Peer 1: 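The following block contains the structure, expressed as structure tokens.
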Number of protein chains: 2
Amino acid sequence: MSGMLHDLASLVNGTPRADKMAVMPPAPRRRGAARTEELLQATLDLAAEVGYAGLSIEAIGRRAGVGKHTIYRRWPSMAALLLDALSSVWTSDLDYNDTGDVRADLREQFLLSSHVLSSPPIGPAYRALIAEAQGDPSLRAAIHERFLATVEQSTLNRITQAQRAGELTPDVNLEFAAEVLCGTLYYRHLLTTRPVGESAVDGLLDMFMAAYGQPQFPAGNGR
Amino acid sequence: MSGMLHDLASLVNGTPRADKMAVMPPAPRRRGAARTEELLQATLDLAAEVGYAGLSIEAIGRRAGVGKHTIYRRWPSMAALLLDALSSVWTSDLDYNDTGDVRADLREQFLLSSHVLSSPPIGPAYRALIAEAQGDPSLRAAIHERFLATVEQSTLNRITQAQRAGELTPDVNLEFAAEVLCGTLYYRHLLTTRPVGESAVDGLLDMFMAAYGQPQFPAGNGR
DNA sequence: CATCATCGGCACGGTGCGTGCCGATGAGCG
DNA sequence: CGCTCATCGGCACGCACCGTGCCGATGATG
């Protein structure tokens, strides 16, 4: 586990002088930091415009008015650059509400995140990263660690909370359920051409609730 | 729907003289057909050896002792070549038994197909195709049509049969359940670094059976 | 004001792409 | 049997991108 994290860190900050992680505002902000953020933005813009095909270090540099060296000094590969670029706009780790109604809370977040995942800038950048990762197991691990596992974890937190509240079957390990929920959404998004819409989310939640919802007592909070 | 199929056909057989589809033995077998099969095999071999990185038209041609033209005359892109190469060894559309025990039948096929998917030659070729597809929506549609949808369909057939046999809840649309089952497996395979082992399959089937298994009457055939 | 890391620009050899043009090969037909 | 012609392997082209090295300019630091 921590091995993955280490691989990730070395992948992204493999350069000798990586001043700071992306998305960290409190910094002395030498000349380099400003350029770093510009490059991340240029990467996202370019991914949104031309997609994975046509995405290259040279193209990013051209767009940002930057020499290739300036990019290579910061990231060892385009995969690392994409990883940081995506992180810089990946604010929502699925920020679940807890209204006392699991199904509604899951539905809201699934629909929201599916919209985020399928529209620029995150959508195209994510696709590019997935493509890049097919030839690089350590990048695959990094993506899983940094994005997928996070989403699964927050989902697991929410449904575990529901389980404690009596909304779901007690004494059942929900870890795998969280993976099934998130995995199905990502499967649709990244591997098929079907949209992730209300019917898909509802179908998924139907199965989830049929499996783990308390049969007779509808909601746990009110008793 | 049929639009996807048309796109697929044009993608694979876009050349003016595409004598026949791959994997069709009964043919006059001019000089070209033999080369075609050799090229498909060389593609699979190369994918198994070097993975997606290092896979190129030139490398395939070099390995097969073939000019690039010979490849381009048959397939318009490496994506089309990969698609045909994978089809030529993709024999099992999940060939479910019907022993009267859905869960056991699903489990057997899931474990079997997960092994096939993660080992050469199918594993690496599949990964290469997924990578290629991230920049090409029509290829994504082709993959879904040719492989994923097929797997989902045969799974749907099996569980629908189980539903008729009284093993599963009647009057429930299982179409989405089939997608969840297959999607979760492919999610693990292609997007994470977790292995698809017995525990994963069992966890998945736990959720499926909890959702749709008949609560009191264990199996339909025996009693 | 002096220093020096970082900058943009340029060029390099290497590789793959997709195409065009060869002369050789071999299958099918008369 | 020999002719014909599609297909073959080989080679070369222009283009693009890779990753690296070397410039002289810039601008933040002290």
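Reckoned from all heavy atoms, side chains included, excluding hydrogens, waters and symmetry mates. Order of the sequence lines sets the chain letters (A, B, ...), proteins ahead of strands, with each chain counted from 1. All values derive from a computational prediction rather than experimental measurement.
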Peer 1: Which residues satisfy the ring pair (Phe, Tyr, Trp, His ring centres under 6.0 Å) test with B:Tyr187, sequence neighbours excluded?
Peer 2: none

Peer 1: Roughly, in whole Å, what's the span from CG in B:Leu46 to P in C:dG16?
Peer 2: 11 Å

Peer 1: Taking NZ, NE, NH1 and NH2 as the nitrogens, is one of them in A:Arg127 or B:Asp136 under 4.0 Å from a carboxylate oxygen of the other?
Peer 2: no

Peer 1: Given atom OH of B:Tyr72 and atom C1' of D:dT7, what is their separation to the nearest angstrom?
Peer 2: 18 Å

Peer 1: Could you tell me whether the side chain of A:Glu132 reaches within less than 4.5 Å of the side chain of A:Tyr52, counting heavy atoms only?
Peer 2: yes

Peer 1: Kindly assign one of parallel, tilted or perpendicular to the pair B:Phe147 and B:Tyr126, based on the angle between their ring planes and the thresholds 30° and 60°.
Peer 2: tilted

Peer 1: Please state how far atom NE2 in A:His69 lies from atom P in C:dA5, giving the value in whole angstrom units.
Peer 2: 14 Å

Peer 1: Please write out the pairs of protein N or O atoms and N or O atoms of nucleotides 14-17 of chain D separated by less than 3.5 Å, giving the distance to one decimal.
Peer 2:
from	atom 1	to	atom 2	distance (Å)
D:dC17	OP2	A:Arg62	NH2	2.9

Peer 1: In the structure I gave you, are the side-chain heavy atoms of B:Asp84 and B:Arg146 within less than 4.5 Å of one another anywhere?
Peer 2: yes

Peer 1: So does B:Glu175 pair up with A:Arg194, basic N to acidic O under 4.0 Å?
Peer 2: no

Peer 1: Would you say C:dC7 has OP1 or OP2 under 4.0 Å from some side-chain N or O of A:Arg74?
Peer 2: yes

Peer 1: Using atom CD1 of B:Ile71 as one end and atom P of D:dG9 as the other, report the distance to the nearest whole Å.
Peer 2: 9 Å

Peer 1: For the pair made of CZ in A:Arg73 and C1' in D:dG21, what is the distance, rounded to whole Å?
Peer 2: 13 Å

Peer 1: Across the strands shown, which category fits A:Gly61 at heavy-atom distances under 4.0 angstrom: base, sugar-phosphate, nothing?
Peer 2: nothing

